[in-house]
Enquirer: 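This is the structure, below, for whatever I ask next.
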Amino acid sequence: MSDWRQRAHGPFQTEKHPARGTRGMVVTNHPLASAAGAEMLAAGGNAVDAAIASLFALSVVEPMMVGILGGGFAHLRLPDGTHTVLEGQGRCPIATGPDTFTPDPNGAPGTLDAVGRRNSLGRTAVATPGNLMAWCALLQRHGRLALADVVEPAIRHASRGFAATPYLADCVADCAADLALDPEISKVFMPGGRPLTAGTRVVNAAYADTLRQVVREGPAALYSGSLGATLAQDMANHGAYLSREDLTRYRIHDMDVVRSQYRGFEIVGPPPPCSGPLHIGQMLNILEGFDLRSLGFGSADSVHLLAEVLKIAFADRAAATADPDFVPVPIDRLLSGDYAAQRRGELDMHRARGWTSGVLPAEGAHTTHLTVADRDGFIVSATQTINSLFGARYMVPGTGMIPNNYLYVFDPHAGRANSLAPGKRVTSSMAPIIVLQNGRPRFALGLPGGLRIFPSAMQAVINLIDHGMSLQEAVEAPRVWTQGFALELEPGIDAAVSQTLSERGHDTVRVPNVAGGMCAIRFDDDGSMEGAACWRADGTPIGVGGGAARPGVRFLPEARRP
């Protein structure tokens with residue numbers, strides 16, 4: 001048994017059970033989406049077919065998190081060991097700029113609120129979407145099945161309906177005041193003017209028709225066709241920024257990965273403007289100088305260290321991490337051993353401190369995740385979003401589509417690394433990572449949760465490598481989070497630990513959960529896979545095993561009786 005499997009953590013009970021498979025594994029944050037992916041594997045498709053089918057299905061059954069008018073990153077490992085990232089992030093419309101929004105002087109610390117919520121609610125908050133183009137491109141390049149095949153489960157659930165989960169019902173209730181402002185979205189999620197309840201049949205026939213149009217026309221339906229014309233006209237009717245030109249000019253990008261090392265493992269993920277893997281690597285570089293296993297999972301010392309490195313990473317992220325087409329991001333500096341040693345030497349194990357960035361600034365959430373793998377070596381770790389719950393919280397009339405509110409991710413102040421600029425890509429905290437050992441995949445994971453994504457992914461890596469947790473334990477283990485203000489602690493963190501952290505100067509606060517449902521796969525040496533999803537969402541792993549009949553098998557008729 002190798003070192004990383006040795007257990008070094010306190011006891012806690014997991015709520016869900018993992019799944020195992022030999023032919024493939026699909027882990028998403030809704031059982032119907034996982035089933036859609038597994039259906040593709042059973043039909044002879046590969047992990048890419050399964051991932052795209054799951055994403056389209058999620059846009060129906062997890063509509064508060066993802067949609068074709070969103071954006072994201074798909075991290076793909078090919079059977080030959082090549083890693084690539086397909087970026088389909090949202091972009092600032094041409095008509096926006098650093099002074100488009102007025103910062104809200106009464107906004108909470110660490111938020112990017114603008115006066116009148118114009119960057120977070122309604123049509124003025126919408127960035128140019130990339131999801132539909134990226135999903136179709138990934139399928140065309142690497143899938144085996146037709147677009148009609150992979151979209152069919154989503155059309156089925158949109159037209160026939162599906163039963164709302166308690167999680168979806170809670171999300172609707174949380175956003176009810178905003179959803180009530182738009183008659184289109186209210187019609188689907190607030191029947192009779194009240195938030196739907198768990199078990200309610202949710203039907204979105206208009207979206208089923210939109211998906212049928214996508215099957216007929218491909219992504220051109222949105223980026224150069226009538227669907228895009230409808231979206232752009234609706235924007236113009238309401239004085240918003242997204243235009244037909246934004247759609248026709250949109251392009252997806254292939255990106256190289258960022259790689260970092262930790263205790264003999266390699267962590268691989270998307271580069272900026274995806275900030276997650278970069279800052280995971282930065283934090284792990286600092287933490288590698290500490291014996292986290294001896295400190296123990298959930299101890300005051302280990303949580304203190306996590307909090308301090310999180311504050312360091314967020315200070316650097318705010319100063320220097322943005323779209324590299326607009327801002328030079330100091331990747332080499334952030335991942336250097338010298339920089340890690342410098343920051344490590346500034347840590348005080350007995351006292352919380354405030355942190356400023358150690359790199360120079362340049363001049364001038366609510367999401368979903370899936371992890372899918374097949375026996376041929378394809379692995380897809382993809383994080384996709386419309387940003388906030390239900391995105392901009394309205395539907396494009398007659399289409400069933402829920403737009404993103406990605407402009408809320410940009411800094412409404414001018415002159416900062418992440419200020420708005422025409423065509424600028426959204427800086428994301430996504431972390432669709434694949435962890436290698438001796439060049440072979442060992443884990444693949446990711447999760448939703450806005451600014452809490454990459455800190456949570458980093459904690460899962462530590463849980464697996466330092467604390468020797470099982471995959472199920474690693475995704476469900478209690479999490480912590482801070483970006484320099486309150487230190488959020490999930491209920492599983494001991495009260496005595498919370499008290500000690502307060503005495504060290506941390507402003508601790510109890511929260512029901514940090515970030516969302518993690519979806520993870522572990523790869524074993526015998527070629528089998530284990531999938532796990534956590535209690536923070538409706539996550540469901542489905543493994544595909546079995547296989548075709550043995551060659552030569554025949555169904556022979558019964559022998560005749562004399």
Side-chain angles (χ1 to χ4, degrees), residues 1-7 9 12-51 53-55 57-58 75-77 79 153 265 368-382 432-438 440-447 457 460-461 463-465 467-477 517-550:
M1 184 172 290
S2 60
D3 238 10
W4 62 271
R5 291 181 186 270
Q6 294 176 11
R7 302 171 69 83
H9 60 88
F12 61 88
Q13 293 293 319
T14 58
E15 297 186 23
K16 296 187 179 183
H17 297 279
R20 295 195 63 82
T22 55
R23 297 173 59 201
M25 180 66 63
V26 184
V27 193
T28 82
N29 274 328
H30 195 285
L32 290 177
S34 296
E39 182 181 336
M40 300 304 118
L41 293 176
N46 61 21
V48 174
D49 299 303
S54 295
L55 286 169
L58 284 167
H75 178 188
L76 175 66
R77 179 180 168 94
F265 289 80
T368 198
H369 179 90
L370 58 78
T371 307
V372 184
D374 63 35
R375 64 178 175 183
D376 296 327
F378 281 100
I379 303 172
V380 182
S381 182
I433 60 174
I434 297 174
V435 181
L436 311 177
Q437 186 182 37
N438 299 322
R440 299 179 60 183
R442 184 62 72 181
F443 311 107
L445 59 88
L447 72 157
V461 171
N463 292 342
L464 291 162
I465 295 174
H467 299 306
M469 293 188 188
S470 69
L471 191 70
Q472 192 65 47
E473 290 171 329
V475 302
E476 293 201 17
M518 186 173 291
C519 300
I521 297 176
R522 190 190 77 207
F523 303 91
D524 291 335
D525 293 336
D526 63 0
S528 63
M529 297 163 247
E530 182 175 72
C534 76
W535 52 267
R536 299 170 184 88
D538 294 323
T540 303
I542 296 180
V544 179
R550 182 185 297 174

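Because only heavy atoms are used, hydrogens play no part in the values below, and waters and symmetry mates are left out as well, while side chains stay in. Count residues from 1 along the sequence.
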Enquirer: Specify the closest pair of heavy atoms between K16 and A533, including all atoms of both residues, with the distance to one decimal.
Expert: CD-O, 3.5 Å
Enquirer: List the steps, then state whether side-chain contact (heavy atoms from CB on, under 4.5 Å) holds for C519 with L370.
Expert: CA-CA 6 Å; C519 300; L370 58 78; 5.7 Å; no
Enquirer: For the pair I521 and V27, evaluate side-chain contact (heavy atoms from CB on, under 4.5 Å) and give the outcome as yes or no after the intermediate values.
Expert: CA-CA 8 Å; I521 297 176; V27 193; 3.9 Å; yes
Enquirer: Please answer whether the main-chain N or O of M469 pairs with a side-chain N or O of H467 as donor and acceptor at a distance below 3.5 Å.
Expert: no
Enquirer: Short question: side chain of E473, backbone of Q13 - any donor-acceptor pair under 3.5 Å?
Expert: no
Enquirer: Roughly how far apart are D374 CG and M40 CE, rounded to 0.5 Å?
Expert: 14.0 Å
Enquirer: Could you tell me whether the side chain of R20 and the main chain of G545 form a donor-acceptor pair under 3.5 Å?
Expert: no
Enquirer: Test side-chain contact (heavy atoms from CB on, under 4.5 Å) on M518 and R536 and set out the steps.
Expert: CA-CA 8 Å; M518 186 173 291; R536 299 170 184 88; 5.8 Å; no
Enquirer: Looking at side-chain heavy atoms only, is the closest gap between F523 and I379 below 4.5 Å?
Expert: yes
Enquirer: What closest approach, in Å, do L445 and T371 show between heavy atoms, and which atom pair accounts for it?
Expert: CA-OG1, 4.0 Å
Enquirer: For the backbone of V48 and the side chain of N46, can you confirm whether one donor and one acceptor N or O come within less than 3.5 Å of each other?
Expert: yes
Enquirer: Under the side chain to side chain contact (heavy atoms under 4.5 Å, CB included) test, which residues partner D526, sequence neighbours left out?
Expert: D524, S528
Enquirer: Taking all non-hydrogen atoms of both residues into account, name the closest pair between S54 and A33 and its distance.
Expert: OG-O, 2.9 Å
Enquirer: Does any part of the side chain of T540, heavy atoms only, come nearer than 4.5 Å to the side chain of S34, both counted from C-beta?
Expert: yes
Enquirer: Check the pair R442 / D525 against side-chain contact (heavy atoms from CB on, under 4.5 Å), numbers first and verdict last.
Expert: CA-CA 9 Å; R442 184 62 72 181; D525 293 336; 3.4 Å; yes
Enquirer: When rounded to the nearest 0.5 angstrom, what is the spacing between CZ in R375 and CE in M529?
Expert: 9.0 Å
Enquirer: Locate the shortest heavy-atom distance separating P432 from A382; write the atom from each residue and the value.
Expert: CB-N, 4.1 Å
Enquirer: Which distance, rounded to the nearest 0.5 Å, do you find between the CD of E15 and the NE2 of H17?
Expert: 10.0 Å
Enquirer: Grab the two heavy atoms, one from G546 and one from R23, that are nearest each other, plus how far apart they are.
Expert: O-CD, 3.1 Å
Enquirer: Looking only at heavy atoms, what is the nearest atom pair of A51 and V380, with distance?
Expert: CB-CG1, 3.8 Å
Enquirer: Would you give the length of the straight line joining atom CG of N463 to atom OG of S470, rounded to the nearest 0.5 angstrom?
Expert: 10.0 Å
Enquirer: Do H369 side-chain atoms and T28 backbone N/O form a donor-acceptor pair below 3.5 Å?
Expert: no
Enquirer: Is the backbone of E476 close enough, under 3.5 Å, to the side chain of W535 for a donor and an acceptor to pair up by distance?
Expert: yes
Enquirer: Does any non-hydrogen side-chain atom of I542 lie less than 4.5 Å from one of L41?
Expert: no
Enquirer: To the nearest 0.5 Å, tell me how far I434 CD1 sits from L76 CG.
Expert: 7.5 Å
